[in-house]
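A short worksheet on the structure shown next.
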Amino acid sequence: MTVKDRIIIALDYSKAEEALACANKLQGTASYVKVGMQLYYGAGPTVVGRLKDMGFKVFVDLKVHDIPNTAKGAMKSLAALGVDMVNVHAAGGKEMMMAAREGLEQGAGKGRQPLLIGVTQLTSTTQETMNQQIGITGSIADCVKHYAILAKEAGLDGVVASPLEVPLVKESCGDSFITVTPGIRPAGADVGDQKRITTPEMAFELGSDYIVIGRPVTQAADPAAAMSQIIENSEG
Ligand code: C5P
């Protein structure tokens, strides 16, 4: 896989037209985009097909977390849209993750298998928030490791985590267990609400399979130039 194919651009817009305009600017420079809650809920599922028609691979990031039967149904519906990657919260437990896998397989049909990824801890979550508000004791690293092992046991393809946790995930689950890492900020970029961050180059050095990057590219005056710069720095 080339560096370009390992960078997923988060199209966090409310309207299909805005997302497609940005995707248009990135055509040729980017190959993978992400449809998150803002765009999916605002524009509806048809935006996925429109991005696929433009030639992009699409990660639908809805972070499903529900009872096993509902998670299974959700994955079945998403698979039918032709998605390339989807995710569920590992906090939903093994039974839910296994049901999600089953639903995804049923919906995708023979010969096509989208990647199913488990969310560990959001990259906006700090140790303090996790301990004092979410109610999970121990370190973020311990929690990420626990969720990654659980996701692997449930048959998932990989996890979403901070690049900082990639070595730990690979150590615990093996090199072929995929890591998808948001919390990416090129040097000098606005950090915003992200907490556990690295630069794109550092994320690749740490072993991330895919990096997810939104605002530093989509909000740039020239998104294609921002993307090209990231590719150049990461290849260098
Ligand atoms: O704009 P920014 O680069 O912060 O975008 C990161 C994207 O990755 C957002 O769409 C966010 O929802 C998503 N994400 C994340 N942390 C996770 C999972 C997904 O930031 N653990």
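Note that ligands are numbered from 1 as they come in the structure, with each ligand's atoms numbered from 1 the same way. All residue numbers refer to positions in the sequence shown, counting from 1.
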Pairwise distance OG(S234) to CE(M202) - rounded to 0.5 angstrom: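 Separation between the atoms: 11.5 Å.
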
Pair [X] + [Y], salt bridge at N-O below 4.0 Å:
X	Y	value
R196	E165	yes
D84	K52	yes
D157	K152	no

Side chain, backbone, both or neither: M37 near ligand 1, heavy atoms under 4.0 Å: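 No part of M37 is near ligand 1 at this cut-off.
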
Contact partition for D61 relative to ligand 1, non-hydrogen atoms under 4.0 Å: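 Under 4.0 Å from ligand 1, D61 contributes side-chain atoms alone.
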
Whether S208 side chain and Y210 backbone form a donor-acceptor pair below 3.5 Å: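 Absent.
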
Derivation of the side-chain contact (heavy atoms from CB on, under 4.5 Å) call for F59 and V180: CA-CA 11 Å; F59 168 22; V180 179; 4.2 Å; yes

Ligand-residue contact atoms, ligand 1 with [X], heavy atoms, under 4.0 Å:
X	answer
R185	1 (O), 2 (P), 3 (O), 4 (O)
V160	17 (C), 18 (C), 21 (N)
L122	17 (C), 21 (N)
R215	1 (O), 2 (P), 3 (O), 4 (O)

Ligand 1 N/O within reach of T123 N/O, cut-off under 3.5 Å: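 Yes, there is a polar N/O contact under 3.5 Å.
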
N/O separation below 3.5 Å, I213 to ligand 1: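 No, since none of the N or O atoms of I213 sits under 3.5 Å from an N or O of ligand 1.
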
To check your reading of the model: name the closest protein heavy atom to [atom], its residue, and the distance in Å.
atom	answer
atom 6 (C) of ligand 1	Q194 NE2, 3.6 Å
atom 17 (C) of ligand 1	P182 CG, 3.5 Å
atom 13 (C) of ligand 1	K34 NZ, 3.6 Å
atom 19 (C) of ligand 1	K63 NZ, 3.2 Å

Proximity of F56 and Y32 rings by center, below 6.0 Å: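 That pair fails the under 6.0 Å test.
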
Options N87, I211, D12, ranked by nearest heavy atom to atom 9 (C) of ligand 1, top entry: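 That would be D12.
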
Member of Q219, R215, M37, K34 meeting the side chain to side chain contact (heavy atoms under 4.5 Å, CB included) criterion with D12: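 Going through Q219, R215, M37, K34 one by one, the side chain to side chain contact (heavy atoms under 4.5 Å, CB included) with D12 is satisfied by K34 alone.
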
Test item: side-chain donor near acceptor, D193 and S124, under 3.5 Å: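 Side chains of D193 and S124: no pair found under 3.5 Å.
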
